[in-house]
Amino acid sequence: MKLLFQGGHVVSASGVSRMDVLVEDELVAAVAPTLSCPDATVVDVTGKLLFPGFLDAHTHFDLDVANTTTADDFQTGTRAAVRGGTTTIIDFACPNKGETLAYGLKLWHEKADGKSACDYGFHMTIDDWNAGIRREIPDMIAAGIPTFKMYMTYPAMMIGDRDLYCALVELKKFNAFAGVHCENAGVIDALIAEKLEKGETAPSSHPATRPNALEAEAVGSLLRMAQVADAPVMIVHLSTKEALEEVRAARARGQTVYVETCPQYLLLDRSRYENEDYSMAARYVCAPPLREREDQDALWKALSDGTIQTISTDHCSFTLAQKDAGRGDFTRIPGGLPGVETRGILLYSEGVAKGRISAPQMCALLSETPAKLYGAFPKKGILAPGSDADIVVLDPDAQGRITAADQAANVDYSPYEGFITQGKIDQVYLRGHLTVDKGEILGAPRGKYLFRKC
């Protein structure tokens with residue numbers, strides 16, 4: 001099978017160029033200003049932008065949490081992903097405390113294998129630290145998992161300072177690193193107790209119990225531990241201007257710190273929790289919570305100046321019926337938002353089209369940089385000879401509208417309901433196979449496990 005994309009503009013992290021792209025046997029065979037191949041099927045992409053397939057390195061599919069299970073499993077979640085131009089996701093294998101990493105990896109393969117509409121990999125969650133877990137680290141790396149996850153909050157998953165530090169030291173030995181969820185669990189618990197004692201149980205209490213300062217404090221604490229360990233670290237879903245200052249201070253000390261944020265922290269704000277309609281407010285409960293407009297402004301600036309390296313979604317979806325579990329007690333609302341389907345077009349529309357970032361910066365944030373950080377480059381993240389032919393064809397002149405009725409995700413609302421988008425994704429190719437055409441998902445699942453390297 002040969003495809004020749006003619007007339008389009010190829011986007012990379014270094015620029016936008018008028019290029020043709022030849023695809024053969026699932027790979028990019030050539031990229032040049034003018035290409036000819038008599039036995040190839042020509043795909044006319046005149047006036048369109050050709051992005052490398054987007055990589056979302058932070059999803060939660062088929063996850064048991066808060067006495068329920070996420071609405072999206074690997075079948076529905078990856079269909080939503082690829083429809084939005086994401087051709088690779090990295091989910092989190094999550095063994096429970098007391099279970100082995102090998103058990104967690106086996107379980108997540110059972111959840112994903114043969115069901116995924118896009119390519120997929122796993123981070124490994126570490127919620128215990130002992131001699132057995134330490135011995136499993138090289139086994140995980142040998143299985144294609146060079147990245148890990150730790151939590152500084154949530155009793156079922158959090159790991160204490162001593163164990164977090166020891167894990168950072170061990171991961172560094174293998175040139176691996178961890179992403180960390182940074183919030184101060186103890187003070188959050190105290191603030192929650194205060195709210196419940198006062199009878200303030202509505203969703204509006206959620207952001208008040210997880211203020212900016214508690215994210216910044218946890219980020220600062222983690223980065224000091226990483227400084228002593230002399231280890232790199234990723235701050236996942238960073239949401240506040242104060243946390244950005246902690247990152248800048250650590251980098252000024254010479255530390256290697258990577259930062260991820262998410263579309264919800266760029267485009268939605270705390271006022272969403274003030275709606276008196278419980279259902280309208282509860283759907284936005286996530287951790288960290290939505291912040292203030294000034295935090296949004298700081299995050300956009302940090303994207304533009306390179307302080308933030310990547311944008312993932314933290315896609316963790318629940319139906320409105322599942323969110324209803326928190327009526328009368330906001331702590332029982334399962335936390336998380338859908339977003340894997342809308343990330344790409346929202347970043348183009350709200351970022352590139354509005355001049356906040358450039359198209360090459362968007363490519364770096366969604367494709368090239370995460371592929372490099374997570375051990376998938378140059379197989380993923382770039383349109384160059386030898387790379388996987390994961391191609392997003394984006395029409396910059398078209399307009400769209402985001403609605404819950406028009407989505408593949410298995411959830412009955414969209415956090416971005418009614419957003420008008422400048423730009424629209426025409427087609428998505430996964431390893432050269434047309435997988436999405438004008439919003440329609442085609443064929444059986446083609447996703448393959450992505451073996452990644454340190």
Side-chain angles (χ1 to χ4, degrees), residues 1-55 82-88 118-119 343-355 357-368 371 377-401 420-443 446:
M1 178 189 69
K2 294 182 181 179
L3 298 175
L4 180 57
F5 295 81
Q6 289 187 324
H9 288 74
V10 171
V11 185
S12 72
S14 58
V16 181
S17 303
R18 227 300 295 144
M19 293 282 179
D20 293 344
V21 179
L22 178 64
V23 170
E24 183 175 1
D25 297 331
E26 299 195 337
L27 301 177
V28 175
V31 179
T34 303
L35 291 173
S36 178
C37 184
D39 59 341
T41 299
V42 173
V43 182
D44 183 4
V45 287
T46 302
K48 308 294 175 62
L49 298 175
L50 304 184
F51 282 88
F54 307 141
L55 190 156
V82 77
R83 190 169 187 256
T86 293
T87 53
T88 304
C118 67
D119 289 349
R343 175 185 61 144
I345 202 59
L346 282 171
L347 193 60
Y348 183 82
S349 180
E350 297 294 322
V352 178
K354 291 188 176 180
I357 59 171
S358 66
Q361 285 176 314
M362 172 175 163
C363 182
L365 290 161
L366 298 192
S367 302
E368 188 166 321
F377 188 85
K379 182 178 178 67
K380 305 293 185 182
I382 192 170
L383 296 179
S387 67
D388 281 358
D390 298 340
I391 302 173
V392 179
V393 181
L394 190 149
D395 184 348
D397 298 321
Q399 284 192 334
R401 184 170 182 267
I420 303 298
T421 64
Q422 180 60 47
K424 200 168 186 179
I425 293 173
D426 270 358
Q427 295 177 321
V428 182
Y429 291 80
L430 175 65
R431 287 178 277 104
H433 300 279
L434 179 60
T435 303
V436 179
D437 189 19
K438 304 297 183 184
E440 181 182 357
I441 304 168
L442 307 175
R446 296 182 182 273

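Just so it is clear, the model here is predicted, and its values are computed rather than measured.
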Report yes if some heavy atom in the side chain of Val10 is under 4.5 Å from a heavy atom in the side chain of Ser17; otherwise report no.
-> no

Side-chain polar contacts of residues 387-396 - donor-acceptor pairs under 3.5 angstrom, sequence neighbours left out - could you list them?
residue	atom	partner	partner atom	Å
Ser387	OG	Ile382	O	3.0
Ser387	OG	Ala384	N	3.2
Ser387	OG	Ala384	O	2.8
Asp388	OD1	Lys379	NZ	3.3
Asp388	OD2	Lys379	NZ	3.4
Asp388	OD2	Lys380	NZ	2.8
Asp390	OD1	Arg431	N	2.8
Asp390	OD2	Lys380	NZ	2.7
Asp395	OD1	Asp397	N	3.0

Identify the two heavy atoms, one from Leu434 and one from Val436, that lie closest to each other, and give their separation to 0.1 Å.
-> CD1-O, 3.4 Å

Rounding to 0.5 Å, atoms CG (Asp119) and OG1 (Thr88) come to a distance of 5.0 Å

Kindly indicate whether the side chain of Asp426, heavy atoms from C-beta on, has any atom under 4.5 Å from the side chain of Val45.
-> no

Roughly how far, to the nearest 0.5 Å, is CD1 of Ile420 from CD of Gln399?
-> 7.0 Å

Leu49 vs Tyr348, side chain to side chain contact (heavy atoms under 4.5 Å, CB included): CA-CA, chis, key distance, verdict = CA-CA 11 Å; Leu49 298 175; Tyr348 183 82; 3.8 Å; yes

To the nearest 0.5 Å, atom CZ of Arg401 lies from atom OG1 of Thr421 at 10.5 Å

List the steps and the verdict of side chain to side chain contact (heavy atoms under 4.5 Å, CB included) for His9 and Met19.
-> CA-CA 6 Å; His9 288 74; Met19 293 282 179; over 6 Å; no

Which pair of non-hydrogen atoms, one from Ala359 and one from Phe51, has the smallest distance, and what is that distance?
-> O-CE2, 3.8 Å

Nearest 0.5 Å, what's the NZ-CD distance between Lys354 and Gln422?
-> 10.5 Å

Heavy-atom closest pair (Leu4 atom, Ser36 atom, distance to 0.1 Å) is CD2-CA, 4.2 Å

Closest non-hydrogen atom pair, Val23 against Gly432 | CG1-CA, 4.0 Å

Look at atom NZ of Lys424 and say whether more than 12 heavy atoms of other residues, nucleotides or ligands are closer to it than 6.0 Å.
-> no

Of Leu35, Leu22, Leu50, Asp44, which meets side chain to side chain contact (heavy atoms under 4.5 Å, CB included) against Phe5?
-> Leu50

Hey, are Thr435 and Arg446 close enough side-chain-wise for a donor-acceptor pair under 3.5 Å?
-> no

Residue pair Asp20 / Arg18, side-chain heavy-atom distance below 4.5 Å = yes

Does the side chain of Val43 come within less than 4.5 Å of Gln6's, by heavy atoms?
-> no

Could you give the distance from CD1 (Ile345) to CD (Glu350), rounded to the nearest 0.5 Å?
-> 10.5 Å

If you take all heavy atoms of Ala30 and Pro385, which pair is closest and at what distance?
-> CA-CG, 4.2 Å

Roughly how far, to the nearest 0.5 Å, is CG of Asp25 from CE of Met1?
-> 7.5 Å

Quick one: does Ser12's side chain have a donor or acceptor within less than 3.5 Å of a partner on Ser14's backbone?
-> yes

Leu3 and Tyr429, any side-chain heavy atoms less than 4.5 Å apart | yes

Residue pair Gly344 / Phe54: nearest heavy atoms and the distance that separates them | CA-CE1, 3.8 Å

